[in-house]
Amino acid sequence: MALDKSALLAIFAPKIIDQDVPGVGAVRLRELSAPEVSEIREACKTEAQKADFGFHLVIASVVDDTGTPTFTAADLPALRASAQSRIGELVSAVMTVNGFSVREDAAKN
C-alpha cells in the first residue's frame, strides 16, 4: 500500500539528529527546510560569500538540547577563525545531514 499524504509529509519534515562529529564530539543538528537552504544560497552569491556557505549552514543547523540555535550570525568571524581540522568536520556533518555531497560541493568550487 502506498503512503498517503500525511505519512509522506511526516517523512519529509525536518528532524533534529544527534551526530558524533570526529574531533568535536556529540552535536545536535537540525535539518533545514528547502526555503532555509535557498535563503542561505541567496546570501552567498559572491565568491567571498560562497566561502562562508558551510559556516552559514553550521549557524542554521547546530542547535542545543531545546532546539535553540547554538550560533548566531555574530559568531561568523569566530567560526572562520576556527581550526580547519575540526570546523571542517562539523561543516561536513552539517552538509551531509542537509543532503549535500561534500565531495561534489568541493568539486564545484
Side-chain angles (χ1 to χ4, degrees):
M1 181 155 114
L3 296 174
D4 66 10
K5 180 170 105 175
S6 62
L8 286 168
L9 290 174
I11 290 168
F12 297 150
K15 296 172 180 50
I16 293 179
I17 300 162
D18 291 325
Q19 181 87 25
D20 186 33
V21 178
V24 177
V27 181
R28 183 161 275 194
L29 304 175
R30 181 178 69 87
E31 293 178 317
L32 301 176
S33 67
E36 289 173 309
V37 172
S38 292
E39 286 176 22
I40 292 170
R41 285 184 188 209
E42 186 66 25
C44 295
K45 287 187 172 181
T46 69
E47 288 305 312
Q49 292 167 333
K50 286 179 184 178
D52 288 337
F53 180 74
F55 297 131
H56 285 287
L57 287 176
V58 166
I59 290 167
S61 292
V62 178
V63 297
D64 65 16
D65 289 341
T66 66
T68 303
T70 301
F71 300 109
T72 68
D75 295 312
L76 186 58
L79 292 171
R80 285 184 188 129
S82 298
Q84 176 58 37
S85 61
R86 289 177 296 285
I87 196 67
E89 291 288 349
L90 181 57
V91 170
S92 293
V94 167
M95 291 184 77
T96 299
V97 162
N98 284 293
F100 293 94
S101 167
V102 177
R103 285 192 179 101
E104 287 175 16
D105 191 62
K108 288 179 192 174
N109 295 326

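Since the structure is predicted, the reported quantities are computational estimates derived from the model, not experimental observations. Any value given below was found using the heavy atoms of this structure, including those in side chains, with hydrogens, waters and symmetry copies removed.
Contact check for I87 versus R80: no side-chain heavy atoms found under the 4.5 Å cut-off. Considering only heavy atoms from C-beta on, V91 stays 4.5 Å or farther from L57 through its side chain. By the 4.5 Å heavy-atom criterion applied to side chains, N98 and S61 are counted as neighbours. A heavy-atom distance below 4.5 Å is found between the side chains of L29 and V62.
Note on V24 and V97: same hydrophobic cluster, where clusters join Ile, Leu, Val, Met, Phe, Trp and Tyr whose side-chain heavy atoms are under 4.5 Å apart, directly or indirectly.
Between the side chain of R30 and the main chain of P14, no donor-acceptor pair closer than 3.5 Å is present. In terms of modelled atom types and a separation under 3.5 Å, the side chain of R28 and the main chain of V63 share no donor-acceptor contact. In this structure a side-chain-to-backbone donor-acceptor pair under 3.5 Å is present from D75 to T72.
Interatomic distance, NE2 of H56 versus CG of L32, reported as 12.5 Å (0.5 Å rounding). D65 CG to D18 CG: the interatomic distance, rounded to the nearest 0.5 Å, is 7.5 Å. In this structure, the separation between CD on Q19 and CD on E89 is 10.5 Å, given to the nearest 0.5 Å.
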Exercise. Verify side-chain contact (heavy atoms from CB on, under 4.5 Å) between L79 and L90, making sure each step is shown before the conclusion.
Key: CA-CA 11 Å; L79 292 171; L90 181 57; 5.7 Å; no
